[in-house]
Amino acid sequence: MNIEQALREAMAIEGAVGVSLVDYDSGMTLGTQGGNTLLDLEVAGAGNTEVVRAKMRTIAALQLDDQIEDILITLQRQYHLIRPLATNQGAQMFLYLVLDRSRSNLALARHHLRAVERNLVV
């Protein structure tokens, strides 16, 4: 599935507020779905680029032979899920999903986001 289809699929996850695909090499958002006046997905994508980069640097500094599956940020009313993508072309991207805590199931959301990742062709 292409980027637009993948983002629509991610928005179908119970409790989804917004989702974006971000290139963390440049910090640019490649596509978005959802969001609102309180959730600017472009700004959030750029900010979360720094989160991903910092974690990648930490893993390298610790010389861990491992990869990030996802990064979870919990707020009082939301979950922010960052999922770096494994791409064959070496592109450095992540899916960023914001969930309403009162309407979502985190385990199911992670499962569905993995399925979106598997089917995404970039």
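All heavy atoms count here, side chains included; hydrogens, waters and symmetry mates do not. All figures in this text were calculated on a predicted structure; none of them were measured in a lab.
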**OP:** Mind listing the closest non-hydrogen atom pair of Gly18 and Met11 along with its distance?
**Re:** CA-SD, 3.7 Å
**OP:** To the nearest 0.5 Å, tell me how far Ile59 CD1 sits from Met56 CE.
**Re:** 6.5 Å
Original post:
Which distance, rounded to the nearest 0.5 Å, do you find between the OG1 of Thr32 and the CG of Asp40?
Top reply: 9.0 Å
Subject >> Within residues 41-81 or reaching into it, pairs that qualify as ring-ring contact (aromatic ring centres under 6.0 Å, His included) - sequence neighbours excluded >> reply: His80-Tyr96
**OP:** For the residue pair Thr49 and Asp23, establish whether any side-chain heavy-atom pair is separated by less than 4.5 Å.
**Re:** no
**OP:** State, with a plain yes or no, whether a side-chain heavy atom of Leu85 is found less than 4.5 Å away from one of Leu120.
**Re:** yes
**OP:** Specify the closest pair of heavy atoms between Gly15 and Ser104, including all atoms of both residues, with the distance to one decimal.
**Re:** CA-CB, 4.1 Å
Subject >> Partner of Ile82 under side-chain contact (heavy atoms from CB on, under 4.5 Å), chosen from Leu97, Asn48, Ile68 >> reply: Asn48
Original post:
Between Glu69 and Arg83, is any pair of side-chain heavy atoms under 4.5 Å apart?
Top reply: yes
**OP:** Give a yes or no on whether Val98 and Ile73 share a hydrophobic cluster (residues Ile, Leu, Val, Met, Phe, Trp, Tyr; joining criterion: side-chain heavy atoms under 4.5 Å apart).
**Re:** yes
Subject >> Side-chain donor or acceptor of Ser20 paired with backbone N/O of Val22 under 3.5 Å >> reply: no
**OP:** Might you confirm whether atom CE of Met1 has over 12 heavy atoms from other residues, nucleotides or ligands at distances under 6.0 Å?
**Re:** yes
Original post:
Got more than 12 heavy atoms from elsewhere within 6.0 Å of CD, Gln67?
Top reply: no
Original post:
Do the side chain of Asn36 and the main chain of Leu39 share a donor and acceptor less than 3.5 angstrom apart?
Top reply: yes
**OP:** Give the cluster check for Leu106 versus Val19: same hydrophobic cluster or not, with ILVMFWY residues linked at side-chain heavy-atom distances below 4.5 Å.
**Re:** yes
Original post:
How many angstroms lie between CD1 in Ile3 and CZ in Arg8, if you round to the nearest 0.5 Å?
Top reply: 12.0 Å
Original post:
Any sub-3.5 Å donor-acceptor pair from Arg53's side-chain atoms to Asp25's backbone N or O?
Top reply: yes
Original post:
Is any side-chain heavy atom of Gln78 less than 4.5 Å from a side-chain heavy atom of Leu99?
Top reply: no
Original post:
Does any non-hydrogen side-chain atom of Thr29 lie less than 4.5 Å from one of Leu21?
Top reply: no
Original post:
Could you walk me through whether Asp100 and Arg77 pass the side-chain contact (heavy atoms from CB on, under 4.5 Å) check?
Top reply: CA-CA 6 Å; Asp100 179 327; Arg77 292 183 293 272; 5.8 Å; no
**OP:** Measure the spacing between CG of Asn119 and CG of Asn2 and express it to the nearest 0.5 Å.
**Re:** 11.5 Å
Original post:
Applying the 4.5 Å side-chain criterion to the ILVMFWY set and letting contacts propagate, would Val121 and Phe94 be lumped into a single cluster?
Top reply: no
Original post:
Is the shortest side-chain N to carboxylate O distance from Glu117 to Arg114 below 4.0 Å?
Top reply: no
**OP:** Compare every heavy atom of Gly31 with every heavy atom of Leu7, then report the nearest pair and how far apart it is.
**Re:** CD1-C, 3.3 Å
Original post:
Is there a donor-acceptor pair under 3.5 Å between the side chain of Arg103 and the backbone N or O of Glu14?
Top reply: no
**OP:** Verify the cluster assignment for Leu62 and Val51: are they in a single hydrophobic cluster under the rule of side-chain heavy atoms below 4.5 Å apart?
**Re:** yes
Original post:
Between Asp70 and Arg110, is there a salt bridge with N-O shorter than 4.0 Å?
Top reply: yes
Original post:
At what distance, to the nearest 0.5 angstrom, does CG of Leu95 lie from CG of Leu30?
Top reply: 10.0 Å
